[in-house]
Amino acid sequence: MTRQLLVTSALPYANGPIHLGHLVEYIQTDIFVRYQRLRGHRVAYVCADDTHGTAIMIRAQKEGRSPEDLIADVASQHRRDFAAFGVSFDHYGSTNSASNLAVCTGIWKNLRARNLIVERKVDRLFDPVQKTFLADRFVVGDCPRCGTKDQYGDSCESCGSTYAATELKNPRSVHSGASPELRPSSQLFVRLEPLQPFLEEWTQRSGALQPEVANYLAGHFLDKPLQDWDVSRPAPYFGFEIPDAKGNFWYVWFDAPVGYIASTTDWCEKSGGSLDAWWKNPDCEIVHFLGKDITYFHTLFWPALLHVGGYQLPRRVQIHGFLRVNGEKMSKSKGTFVTAARYLEHLDPEWLRYYYASKLSDKIDDLDFQADEFVGKVNSDLVGRVVNLASRSARFVESTGLATHYPDDGGLFARGATAGEAIAAAYEACDFREAMRLVMTLADAANEYVERTAPWTIRKDPARADELRNVCTVVLNLFRQIVVYLQPVLPRLAERASGLFASPCDRWNSTTEPLIGCSIAKFEHMATRVEPERVKAMFVPEAAVPAPSASAPTPADANDALGKEPLAAQVSIEDFQKVDLRVAKIVAAEAVPEAKKLLRLTLSLGSGPTRNVFAGIKGAYEPERLVGRLVVMVANLAPRTMKFGVSEGMVVAAGTDGEVYLLSPDTGAKAGQRLH
RNA sequence: GGCAGGAUAGCUCAGCUGGUUAGAGCGGCGGCUUCAUAAGCCGUAGGUCGCCGGUUCAAGUCCGGCUCCUGCUACCA
């Protein structure tokens, strides 16, 4: 029976380049999609750029251009990267599209009709100079919990606490630097609690979710009243203005998943299909692939929107873990934050496809990229075992072609055909690791056959020409069977093999019927080996790489630190001089056991009493290794009483999102010296 | 803090509803081979299955407790 599947990958945010972590998902989805096509099913694979929100807006501002201009640039870059890795979207759209606005509007109307939208007056910060309400990230001030300066209006990067923008101390507008005023604003919320029974049923009993996900939702959200979801943001905001609430925009997480539908709509338009035949067709299986970080958006809000909007719910939500590199989080400073473009400068995309396939399971486990394992898998599995089969047999039959009857192979080909069922089941379950393992056992068996029959010996005896041809017919058929099984993972290898046989490797069914009598093209290498040095070169930290040529178009690739932390309002030299920065020596350092992030530092300023300072750097520095080191401290910061004691100053460090880099003076600086 | 997941050979992982000497791939070691992109084949060594206790004729597999790792967390419980 021919199935019909509508498959999506999560929409990448239009605020940065695609990197190896993204590619886990797109490659995983693409393998699934190609597998389904290989089986003869009808598949639509749609995706889009997620383009709205504050971060995009801020970045566009910093770069002095319109958000539309920015997202167009990033979109073309994303498309190029995906194409290079063979990700075979049927349509790649944008959430900033007419179709998306239309679908959002439709769902919104239904939410209104079901009385699921409530409006509440909330006091929000208002910029009296710009005469606009300020989104959370357009306000900076001191964290109400720990006092850290220059924190956004949603959460503190130092202590991790979250709060309302109105709680910030000494708040300022990012636009004008003015102190915002409190003004009542009407915010719109989606009420989720009335949908509780539906969500309970769908998450716990539909079978769409992996069991650990269902457990997570049951224990986290469904066991108590669901909170209303704040879906509006006041202008200015890059996004869609809410049609019946002028001056308010849909929060990016409202219109982002709707982009799946919009992109499907656009694809239907372009290909002559209709949404009724796809998303709204109960026989069409909708499958979402996404990372575990965005689980609840896709398993609570999104089904709620679909349900109310009158759209079919996903049949399956396939969630994967994060990519780590050599056991650690990806890190720019360690060079393990590798963009797609950077990978392509060094390595072949099919290698990564195979490597990921050999590691991916249907679990939510993180996937660890290990350089030496990568080299080993590619070189020994792909080249040594699979491609080598063709390479050690094809040349012998270039002139004669394959035998006209399939010879006795001791049941090898039949065994391979039977194994197809288990391989198919593994693909279907997204247990690609298992699929690769099974395929490799077939390759092992084929190599043993070559060893046993020793065609290089047969060849020496002209009287045994038929036997030589028979043996090679077997080996090449086993090779071809394997290549078809690997086609979802290695489409380019399959194409090259197709050229060898002058017969496409594009149908799963062809694995049950040996190819006979056909000619064999001149053998050419189908895959190259990885040189370990090239992998090593890819992981050289950016800073150590010679500056790229000036002609390279880099705007979209620019470091996004500014976007994450916009420049603060201008200050005078007098303002700056109020802050007394000093070189300080760490004379003692210890972890605060009860705290997640804090180290207790004892700092010397050369003379006078030492200072006790808490620093949120536990995750990045070993206390023992800090002792004796010089750092920069804010020496005249008002003491602050914290849970674990009084902090008498602050150690300055750079970094966002959990990265922390302490500053060190050059050699020769002495504790106590002031910074000017 | 809560929750979820994990902890099995040097590395990456299988081990379903408890049942004979715990498996695979890679890596290691020893041979063989030379058709092939120094590829391939054969053999071999490696594990007190995180720790403690319990249920059972029998536990990696079930139950309780603990330790460590990872992730998530809608002020959080």
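Every value quoted in this text rests on a predicted model; they were computed, and no experiment measured them. Order of the sequence lines sets the chain letters (A, B, ...), proteins ahead of strands, with each chain counted from 1. Keep in mind that the numbers below use all heavy atoms, side chains included, and drop hydrogens, waters and symmetry copies.
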query: OP1 or OP2 of A14(B) sitting under 4.0 Å from any side-chain N/O of Arg433(A)?
result: yes
task: Kindly check if the number of other-residue, nucleotide or ligand heavy atoms within 6.0 Å of CD (Glu524(A)) is above 12?
output: no
- line: Here the helical stems involving RNA chain B, each at least 3 consecutive Watson-Crick or G-U pairs closer than 3.5 Å, sorted by first residue number, are B:1-7 with B:67-73, B:10-13 with B:23-26, B:28-32 with B:40-44, B:50-54 with B:62-66
- prompt: Tyr296(A) side chain: which of U34(B), A74(B), U37(B) is closest?
  reply: A74(B)
field: Trp202(A) side chain to His307(A) side chain, donor-acceptor N/O pair below 3.5 angstrom
entry: no
- prompt: So, is Arg324(A) near the phosphate of G71(B), with a side-chain N or O under 4.0 Å from OP1 or OP2?
  reply: yes
- request: Could you tell me whether Leu300(A) contacts a base, only the sugar-phosphate backbone, or nothing, with contacts defined as non-hydrogen atoms closer than 4.0 Å?
  value: base
query: With nearest nucleotides of RNA chain B determined for Glu448(A) and Lys460(A) from heavy-atom distances, which residue corresponds to the more 5′ nucleotide?
result: Lys460(A)
message: Using the side-chain heavy atoms of Ser391(A), tell me which of these nucleotides is nearest: G5(B), U12(B), A36(B).
response: A36(B)
field: Tyr356(A) OH to U12(B) C1', straight-line distance once rounded to whole Å
entry: 15 Å
field: U37(B) phosphate, OP1 or OP2, under 4.0 Å from Arg385(A) side-chain N/O
entry: no
- prompt: Which part of the nucleic acid does Lys377(A) contact within heavy-atom distance under 4.0 Å: base, sugar-phosphate only, or nothing?
  reply: nothing
task: Could you classify G46(B) for me, syn or anti, using a glycosidic angle within 90° of 0 as syn?
output: syn
query: Any chance the rings of Phe301(A) and Phe254(A) have centres within less than 6.0 Å?
result: no
task: Give a yes or no on whether a donor-acceptor pair under 3.5 Å exists between the nucleobase atoms of A36(B), that is its base, and the side chain of Asn388(A).
output: yes
- prompt: Does the ring centre of His19(A) sit less than 6.0 Å away from the ring centre of Phe337(A)?
  reply: yes
query: Under 3.5 Å, is there an N or O donor on one side and an acceptor on the other linking the side chain of Glu451(A) and the base of G40(B)?
result: yes
task: Report which part of the nucleic acid Phe322(A) touches: base, sugar-phosphate, or nothing (heavy-atom distance under 4.0 Å, all strands).
output: sugar-phosphate
message: So, does Gln370(A) get its side chain near the phosphate of C26(B), meaning an N or O under 4.0 Å from OP1 or OP2?
response: no
- prompt: Rounding to a whole Å, what distance do you find between Arg452(A):CZ and U33(B):C1'?
  reply: 15 Å
task: Give every residue pair that meets the ring pair (Phe, Tyr, Trp, His ring centres under 6.0 Å) criterion with at least one member in residues 355-403 of chain A, sequence neighbours excluded.
output: Tyr355(A)-Phe369(A), Tyr355(A)-Phe374(A), Phe369(A)-Phe374(A), Phe369(A)-Phe539(A)
- prompt: Got a sec: does the CD of Glu201(A) have more than 12 other heavy atoms crowding it under 6.0 Å?
  reply: yes
message: Ring centroids only, cut at 6.0 angstrom: are Trp108(A) and Trp250(A) within range, meaning strictly under it?
response: yes
task: Measure from CZ on Phe301(A) to P on U73(B) and round the result to the nearest Å.
output: 11 Å
